[in-house]
Amino acid sequence: MGNKYWGRVKAFLEQLNTSQREAVEYINGASLVIAGAGSGKTRVLTYKIAYLLRQGVPPQSILALTFTNKAAREMKERIGKLAEPEAARRLWMGTFHSIFARILRYEATALNYPSDFTIYDAADSKSLIKSIIKEMKLDDKVYRPGMIQARISNAKNALITYKAYEQSRELIEGDMRSNVPLIRDIYKRYQTRCFQAGAMDFDDLLLQTNILFRDHPEVLNKYRSFFQFVLVDEYQDTNFAQHLIVLRLSEQHGRICVVGDDAQSIYSFRGANIDNILQFKNHFPGCRIFKLERNYRSTKNIVEAANSLIHKNENQIEKNVYSEKEAGSKLSLISLYSDYEEAYTITAKIAELRTANRLHKYSDFAILYRTNAQSRIIEEALRKHNMPYRIYGGLSFYQRKEIKDIISYFRLVVNLHDEEALKRVINYPARGIGNTTLSKLSDAANEYNVSLWTVLCTPLSYSLPVNSGTAAKLQSFKEMILSFQEDNQTKSLDELTDRIMRETGIMSALAQDSSVEGQSKFENAQELIKGILEYCEMKREEGVEHVLLSDFLSEVALLTDQDNVKDQNTDKITLMTVHAAKGLEFKNVFVVGLEEDLFPSMMSKDSQRALEEERRLFYVAITRAEENCIITYAKSRFRNGKSMICIPSRFLKDIDHKYIEIPGESEAESKPDDFSFERQRFSSEGTSFISSRREPVSVQTPTSNHQKLTKLNTETAATAVSDSGDYKVGTRVSHDRFGEGEITALEGEGSNAKATVSFKNSGVKHLLLKYAKLTIL
DNA sequence: CAAAATGTGGTTTTT
DNA sequence: CCACATTTTG
């Protein structure tokens with residue numbers, strides 16, 4: 001290589017400080033980078049990868065695992081600028097889940113899974129667990145689905161298969177003591193059903209990868225030699241399953257670099273084990289440790305306040321995070337009477353800061369809270385003040401009911417045995433296959449140990465006790481799905497999308513629903529279609545000639561709300577949970593709801609370990625701020641519909657008071673170690689509100705008009721006609737609630753006669769003539 | 001069978 | 001308060 005090249009590399013490395021640079025340049029062995037908050041952790045990772053690429057390492061031999069898809073995307077972009085954009089694209093970079101889902105598809109046959117396996121999201125898993133509990137005739141108050149789901153998830157993250165679970169004395173006895181001895185059976189059934197449905201849940205993506213590597217050494221060896229360099233971000237938040245995958249892949253060549261900060265470990269509820277990072281050096285003797293301690297993000301006051309807080313924790317790797325920036329503003333602590341007042345004070349404070357500094361855009365502000373439920377009232381306040389905001393988290397677009405329903409058709413087309421998808425769509429839109437039929441199907445499926453689809457295909461072989469009408473409906477549903485499946489082989493994804501939307505009747509069902517929610521559902525469906533089309537286009541631009549539906553689905557299954565690229569560059573205030581804010585930074589940060597039983601959460605207060613994690617969470621929140629950090633708490637808060645009295649969080653005392661200012665209180669009054677904020681009276685600088693009364697929500701409920709209509713019409717209702725003989729297709733009728741319409745179909749006879757009526761204003765309804773009071777016009 | 005009305009219960013964080 | 005399950009109604 002010529003001097004010119006090295007000159008460039010040298011210039012490139014000069015953009016880093018000494019410790020960052022050492023971490024980047026050390027590439028021939030294991031290393032652990034302990035990176036304090038704001039110390040340029042991502043910078044080290046991106047530069048290190050760019051450095052490897054510049055050394056001539058082929059991009060496809062680098063495996064880089066991140067915590068979110070968004071982090072991966074951003075890092076790729078930055079690497080593209082530091083090295084070759086084309087090389088950046090060919091890196092194996094993504095979340096554990098998305099990378100190993102890809103590998104599992106490729107290797108699925110080794111595990112006897114179809115390569116088009118479905119990925120069950122949390123809702124699918126829960127629904128399956130519910131069905132199993134019902135089938136086993138267990139009490140769902142004792143065997144709470146959520147609890148079971150968590151138990152199974154924890155087991156999987158600790159690499160305990162259902163077989164291992166059954167054999168574990170400890171777990172079995174633990175379950176006996178908790179009065180839920182049958183968890184092992186539920187786990188077994190759950191796993192069997194997933195397997196039968198050709199489905200993996202989120203945790204399976206990690207568990208099955210481990211099984212793959214354990215049982216198929218030749219496969220493990222292939223990936224070992226393929227991935228010459230392994231890098232992992234946010235190592236403090238990996239669980240045992242992830243840790244072991246990383247270990248297996250890199251134990252031979254030892255070219256592994258993990259980056260993280262034990263002080264920011266906040267995902268133990270998901271099985272993350274802080275010991276993975278604390279013990280890392282023991283797995284790789286000779287491992288070098290680099291510490292990044294200079295914080296480039298925040299002012300001195302913020303960094304030091306955060307340090308004083310985190311030092312209250314017992315367990316941590318010793319480090320000294322410091323800032324070379326100016327002292328900056330102190331953290332401000334505001335006490336309020338209610339959550340309502342808290343929300344309004346935030347808006348007032350944002351306005352104030354923006355007036356004080358015209359450079360502050362809305363996107364320089366973030367409001368961070370412990371629970372998603374806290375966002376609502378803040379949203380209302382922001383809306384009322386016409387402040388633009390964007391909420392992250394909660395359920396992603398793809399988890400909404402109407403979207404999942406549509407996606408389920410696609411899922412079923414790709415994998416006919418996908419039980420959860422089938423259950424969703426078999427009667428959506430309504431086609432007369434109700435719960436009774438569905439439970440008959442599922443009874444038969446259980447009895448014969450086959451999938452729902454198998455029973456549905458040949459109902460006679462499983463002596464399904466349904467009448468001929470139902471059998472015909474099942475048959476036509478089956479044929480419809482099969483014809484979609486055929487199209488999926490031959491036609492393009494956008495054509496298939498179009499067919500599915502029209503032929504299933506989803507489109508017309510949505511279009512005819514004129515209610516407010518109905519309209520938004522329709523818009524969401526349009527959005528989904530647009531998304532699919534865009535996906536196709538994007539793939540084609542990438543040079544993929546036949547866009548695979550299964551690729552789209554697996555991408556969508558692992559997408560979160562954070563990954564919504566749309567309107568990311570617009571100027572909006574960010575609202576999110578503290579968890580979701582990890583890795584981000586903002587000039588001005590509000591950390592709200594610092595109250596006992598909220599932050600720290602109620603669940604954490606009887607365990608020292610959990611409490612320390614909550615404290616780390618608060619640490620993460622504060623260290624997001626670059627210039628201003630404003631902490632609030634309320635004395636009362638609406639929770640579960642009731643107003644509750646709240647006491648200030650214990651964490652407020654953990655921050656050294658010399659870094660805190662309490663607005664409305666003079667400097668002289670606040671002596672260090674004087675907890676005056678606890679009895680501080682609310683300062684009335686333009687933000688005094690009557691807190692007990694909440695503004696009525698101005699949105700009219702969609703039913704209110706409907707109710708009026710119903711009332712009106714019952715008074716003038718015409719006598720019902722009960723003889724089906726008077727009706728025929730094309731008859732114009734009137735109904736109490738639905739108004740005027742026309743009969744488009746008739747089926748059944750006698751007391752079961754049923755009409756399909758297309759109403760002018762209320763859409764298409766199926767009505768039993770026995771009950772429906774129809775008047776012939 | 002489908003849709004509306006009523007009842008109930010439960011609260012953290014998320015790939 | 002809201003999501004969900006169950007019951008009632010047509």
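Chain letters run A, B, ... following the sequence lines, proteins first, then strands; residues in each count from 1.
A:T470 comes within contact range of no nucleotide atom at all, as no heavy-atom separation falls under 4.0 Å.
A:F96 pairs by the ring pair (Phe, Tyr, Trp, His ring centres under 6.0 Å) definition with nothing, not counting sequence neighbours. In this structure A:Y398 satisfies the ring pair (Phe, Tyr, Trp, His ring centres under 6.0 Å) test with no other residue, sequence neighbours excluded. The salt bridge (Lys or Arg N to Asp or Glu O under 4.0 Å) search around A:R609 returns none, not counting sequence neighbours. For A:F651, there are no ring pair (Phe, Tyr, Trp, His ring centres under 6.0 Å) partners, not counting sequence neighbours. With sequence neighbours left out, the ring pair (Phe, Tyr, Trp, His ring centres under 6.0 Å) criterion links A:F590 to no other residue. Every residue was checked against the side chain to side chain donor-acceptor pair (under 3.5 Å) condition with A:T504, not counting sequence neighbours, and none meets it. Every residue two or more places apart in sequence or in another chain was checked for a salt bridge (Lys or Arg N to Asp or Glu O under 4.0 Å) with A:E555, and none qualifies. Partners of A:S127 according to the side chain to side chain donor-acceptor pair (under 3.5 Å) rule, which considers only residues two or more places apart in sequence or in another chain, are A:E420.
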Between the protein and nucleotides 3-7 of chain C, which nitrogen or oxygen pairs come in under 3.5 angstrom?
residue : atom : partner : partner atom : Å
C:dA5   : OP1  : A:K130  : NZ           : 3.2

For nucleotides 13-15 of chain B, give me every protein contact, N/O to N/O, under 3.5 Å, one pair per line with atom names.
residue : atom : partner : partner atom : Å
B:dT13  : OP1  : A:N372  : N            : 2.7
B:dT13  : OP1  : A:N372  : ND2          : 3.2
B:dT13  : O4'  : A:R370  : NH2          : 3.2
B:dT13  : O2   : A:R370  : NH2          : 2.6
B:dT13  : O2   : A:H579  : NE2          : 3.4
B:dT14  : OP1  : A:T577  : OG1          : 3.0
B:dT14  : OP2  : A:N372  : ND2          : 3.4
B:dT15  : O4'  : A:R270  : NH1          : 3.1
B:dT15  : O2   : A:H97   : NE2          : 3.0

So what is the 5' to 3' dot-bracket string for DNA chain B, if pairs are Watson-Crick or G-U wobble with both distances under 3.5 Å, crossing pairs use [ ] and | means the partner sits on another strand? ||||||||||.....

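Nucleotide B:dT12 holds its C1' atom 14 Å from the CZ atom of A:R637, rounded to whole Å. Computed from coordinates, the A:N467 CG to B:dC1 C1' distance equals 12 Å when rounded to whole Å. Between A:M602 atom CE and B:dG10 atom C1' the separation is 10 Å, expressed in whole Å. Between the CG atom of A:N427 and the C1' atom of B:dA3 there is a distance of 13 Å, given to the nearest Å.
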Apply ring pair (Phe, Tyr, Trp, His ring centres under 6.0 Å) to the pair A:F67 and A:Y267, showing each step before the final yes or no. CA-CA 11 Å; A:F67 196 69; A:Y267 278 95; 4.8 Å; yes

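A salt bridge links A:R616 with A:E613; the closest basic N to acidic carboxylate O contact falls under 4.0 Å.
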For residues 136-150 of chain A, tabulate all N or O donor-acceptor pairs below 3.5 Å that involve a side-chain atom, not counting sequence neighbours.
residue : atom : partner : partner atom : Å
A:D139  : OD1  : A:K141  : N            : 2.8
A:Y143  : OH   : A:L182  : N            : 3.0
A:Q149  : NE2  : A:A122  : O            : 2.9

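Between A:G434 and A:R639, the one whose closest nucleotide on DNA chain B sits nearer the 5' end is A:G434.
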